[in-house]
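Below is one structure, written out as structure tokens; comments come after it.
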Amino acid sequence: MSDDRSISDNGSGTATIPHTQPGLLRSIAHRLAGDADVLPVEGHLPSFDGATGWLNSEPLTPQGLRGRVVAVDFWTYTCINWLRTAPYIRAWDAKYRDLGLTVIGVHTPEFGFEHDIDNVIPRSRDFGVDFPVALDNDYGVWQAFANHFWPALYIADAEGRIRFHHFGEGEYAMSEMVIQQLLVEAGAQGVDPSLASVDPKGFEVAADWQTLRTPETYLAFGRSAGFASPERARVDEPHTYPEPGRLGLNEWAPSGTWTIAPHAAVSNEAGARIAFRYQARDVNLVMGPVSRGTSVPYRVSVDGAAPGEAHGFDVDQQGNGTLADQRLYQLIREPGRVGEHLFEIEFLEPGAEAYCFTFG
């Protein structure tokens, strides 16, 4: 994911950029002799005034952060793309915090339940997020940065100028070298030029891009691709959908009684199912119970059988799991050769909301 948008510069005048130091960015990028600085100035660090609250910190301001390098990380807790970047963000925070780096997470919710701080706090703890987090329920910070992506990383120098951005996964070496470069420019001593090591687990393991052929797929009315039921989707009203015929790759269909609402697909009876033909190592689903504090048992299968060793960490080998929280669930992680398969999930009681499949 890439974008060459610049942030508008609301500062006055033209800043003088310190001359870059050797040995950091030069190790992976060669520039034309006589060119100016390796890192351009893309604008000034916007205000965080639009935040609706903060975790792990008092409210922070661009003025109060002067003298520190700042990495602003836009995330939302169900986003698989952000989860796969999280070990790097945590590692940079741990390695460089005492050298002058401040990491600020901006939690901008995608789904309605992600506005609920009682959901955000436990997920933040689960993912080891102990750096400051601006809660951006009204998208005020998102708009101040003119941002459009989860995840998005913006890195500002000690003078509050944005010097680098990256959208999506990847570019970890370049991003860390930018942090190192800006710390050196700010006068930090003892910046270790080696790159931080990470040990991703669970959701954080990088996708198997060589075999992945199925894209993120939303289940809400008006947002979904690949809907292949024999009957058209009824918007926001209960309907009993028939069993689908053979699905093609990246097609899905509900069966049983569902309400395909603008926010999610909602199961209305025990035995409601979703079938999806996919090719990926991992199958994940953003879902939760309709009513907070309740639970819904479910069962998954692959090609009509229990997943066995291919079960994700939210189901057992027989494919059984329980829906208790509004979050991302890992249902399948294929340990061997990846191919095309038919996935099915059956909700054994009514009252489940299914939002979005993601794959890895």
Side-chain angles (χ1 to χ4, degrees), residues 76-80 109-116 119 150 214-278 280 282-302 307 312 314-315 319-332 341-360:
T76 188
Y77 77 76
T78 61
C79 177
I80 189 62
E110 179 176 14
F111 301 112
F113 60 81
E114 291 177 301
H115 289 76
D116 189 338
N119 287 332
W150 296 279
T214 300
E216 177 181 63
T217 302
Y218 290 87
L219 305 180
F221 187 88
R223 298 192 68 185
S224 179
F227 182 82
S229 172
E231 298 188 4
R232 65 176 180 84
R234 269 66 165 187
V235 58
D236 221 11
E237 65 179 55
H239 181 73
T240 300
Y241 293 89
E243 292 284 334
R246 177 176 171 79
L247 297 174
L249 181 63
N250 302 336
E251 291 183 339
W252 70 277
S255 59
T257 304
W258 288 87
T259 298
I260 310 298
H263 72 288
V266 183
S267 67
N268 300 121
E269 67 174 4
R273 289 179 288 170
I274 297 173
F276 200 129
R277 185 166 292 277
Y278 73 99
D282 300 344
V283 178
N284 310 305
L285 180 56
V286 179
M287 57 182 178
V290 171
S291 301
R292 190 179 180 88
T294 63
S295 61
V296 179
Y298 61 85
R299 181 168 53 235
V300 305
S301 65
V302 178
D314 284 307
V315 299
N320 299 306
T322 301
L323 193 62
D325 303 303
Q326 296 165 314
R327 61 176 177 87
L328 183 66
Y329 288 74
Q330 187 190 85
L331 305 176
I332 300 295
H341 297 285
L342 180 67
F343 168 86
E344 260 194 312
I345 183 167
E346 178 182 7
F347 296 98
L348 305 180
E349 295 177 7
E353 291 183 320
Y355 290 80
C356 180
F357 280 98
T358 62
F359 301 87

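With Gln330 contributing its side chain and Gly312 its backbone, the two residues share no donor-acceptor pair below 3.5 Å. In this structure, Asn268 contributes its side chain and Pro238 its backbone to no donor-acceptor pair below 3.5 Å.
Phe359 CZ to Ile80 CD1: the interatomic distance, rounded to the nearest 0.5 Å, is 11.5 Å. Separating the OG1 atom in Thr257 from the CD atom in Glu269 is a distance of 3.5 Å, to the nearest 0.5 Å. In this structure, CG on Leu285 lies 5.0 Å from CE on Met287, to the nearest 0.5 angstrom.
The side-chain heavy atoms of Tyr298 and Val300, taken from C-beta on, include a pair separated by under 4.5 Å. Using a 4.5 Å heavy-atom threshold, the side chains of Leu249 and Thr214 count as touching. Contact of the Glu114 side chain with the Gln326 side chain is not registered, since no non-hydrogen atoms from C-beta on lie closer than 4.5 Å. Between Val286 and Phe113, the closest side-chain pair of non-hydrogen atoms falls below 4.5 Å. No side-chain heavy atom of Phe111 sits under 4.5 Å from any side-chain heavy atom of Thr76. With a 4.5 Å cut-off on side-chain heavy atoms, Pro262 and Asp236 count as touching.
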N/O donor to acceptor pairs below 3.5 angstrom from side-chain atoms of residues 225-233, sequence neighbours left out:
{"unit_1": "Ser229", "atom_1": "OG", "unit_2": "Glu231", "atom_2": "N", "d": "3.2"}
{"unit_1": "Ser229", "atom_1": "OG", "unit_2": "Glu231", "atom_2": "O", "d": "3.1"}
{"unit_1": "Glu231", "atom_1": "OE1", "unit_2": "His239", "atom_2": "NE2", "d": "2.5"}

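In this structure, the side-chain contact (heavy atoms from CB on, under 4.5 Å) partners of Val290, at least two apart in sequence or on a different chain, are Val266, Glu353.
Between Tyr278 and Phe357, the ring center distance fails the sub-6.0 Å criterion.
Checked for salt-bridge contact, Glu346 and Arg299 meet the test: a charged N lies under 4.0 Å from a carboxylate O.
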